[in-house]
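Report on the structure given below.
Since this is a predicted model, take the numbers as computed values, not measurements.
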Amino acid sequence: MAAVLTAASTLQCPHGAPLLIVPGGHLLTVDGQPVLTRADLLTATVPACPNQPPCGAVASIDTGLATTLKVGGEPVALETAQGPTLTATPWRVVSAGQTKLEAT
């Protein structure tokens with residue numbers, strides 16, 4: 001089992017810039033923070049990436065989506081989530097930001 005990602009989670013591009021994720025209006029929260037779904041990650045951007053060209057945004061999610069827990073029909077994202085940015089460099093989870101909710 002892996003921790004579920006929430007708005008309190010830390011994700012970043014390989015150049016150290018944080019991913020900007022705006023969660024949808026999800027009813028499921030952990031410690032008052034909405035959980036993140038596949039749709040939330042697919043709309044994430046990397047506005048502070050210092051690289052040239054900058055990473056820009058999340059291009060896809062290769063791994064780390066729950067098969068047992070969904071919110072609004074979307075699988076929730078797990079601490080094992082990763083994938084490429086628009087420049088094909090990998091984004092990653094630095095911290096799930098919570099330890100109360102896990103899923104597979």
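- Under a hydrophobic-cluster definition in which Ile, Leu, Val, Met, Phe, Trp and Tyr are linked whenever side-chain heavy atoms come within less than 4.5 Å, directly or via other members, Leu36 and Leu42 are assigned to the same cluster.
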Report task. Please lay out, stage by stage, how Lys70 and Val76 fare under the test side chain to side chain contact (heavy atoms under 4.5 Å, CB included). Result -> CA-CA 6 Å; Lys70 293 183 179 186; Val76 299; over 6 Å; no
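- Residues meeting the side chain to side chain donor-acceptor pair (under 3.5 Å) test with Gln98, sequence neighbours left out: none.
- Ile21 approaches Ala44 most closely through the heavy-atom pair CG1-CB, 3.6 Å.
- Summarising the geometry of Glu79 relative to Val93, their closest heavy-atom pair is O-CB, 3.5 Å, with the distance given to 0.1 Å.
- The same ILVMFWY cluster, assembled from side-chain heavy atoms under 4.5 Å apart, contains both Val30 and Leu28.
- For the pair Ile61/Arg38, a side-chain contact is recorded, criterion being any heavy-atom separation below 4.5 Å from C-beta on.
- Minimum interatomic distance between Ala103 and Thr68 (heavy atoms only, all atoms of both residues): CB-OG1, 4.0 Å.
- Although no hydrogens or angles enter the test, the distance criterion places a donor-acceptor pair under 3.5 Å between the side chain of Asn51 and the main chain of Pro53.
- Taking CD from Gln33 and CG from Leu5, the interatomic distance works out to 12.5 Å, rounded to the nearest 0.5 Å.
- For the atom pair CD (Gln12) and OG1 (Thr85), the distance works out to 12.5 Å, reported to the nearest 0.5 Å.
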Report task. Carefully, step by step, assess Leu19 and Trp91 under the rule side chain to side chain contact (heavy atoms under 4.5 Å, CB included). Result -> CA-CA 8 Å; Leu19 271 63; Trp91 57 268; 4.1 Å; yes
Query - Val4/Leu69 under side chain to side chain contact (heavy atoms under 4.5 Å, CB included): CA gap, chis, key distance, verdict - result: CA-CA 9 Å; Val4 171; Leu69 181 61; 4.2 Å; yes
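- Cys13 has its side chain within reach of Cys49: a pair of non-hydrogen atoms, C-beta onward, lies under 4.5 Å apart.
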**Report entry** Criterion side chain to side chain contact (heavy atoms under 4.5 Å, CB included) on Arg92 and Leu11, from CA distance to verdict
**Finding:** CA-CA 6 Å; Arg92 66 184 181 94; Leu11 292 80; over 6 Å; no
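- Under a 3.5 Å cut-off, the side chain of Ser9 and the backbone N or O of Ala96 do form a donor-acceptor pair.
- Summarising the hydrophobic clusters (Ile, Leu, Val, Met, Phe, Trp, Tyr; side-chain heavy atoms under 4.5 Å, direct or chained), the residues clustered with Leu20 are none.
- Between Thr63 and Thr80, the closest heavy-atom pair is OG1-O, 3.4 Å.
- In this structure, NE2 on His15 lies 10.0 Å from CD on Gln52, to the nearest 0.5 angstrom.
- Put simply, the side chain of Glu74 gets close to the backbone of Ala39: a donor and an acceptor are under 3.5 Å apart.
- Leu41 and Ala81 make their closest contact through CD1-CB, 4.4 Å (heavy atoms, listed as atom of the first residue, atom of the second, distance).
- Among all heavy-atom pairs drawn from Thr89 and Pro14, the shortest one is CB-CG, 3.6 Å.
- In this structure the side chain of Asp40 never reaches within 4.5 angstrom of the side chain of Val35, judged on heavy atoms.
- Listed for the Ser60 side chain is no donor-acceptor partner under 3.5 Å among the backbone atoms of Asp62.
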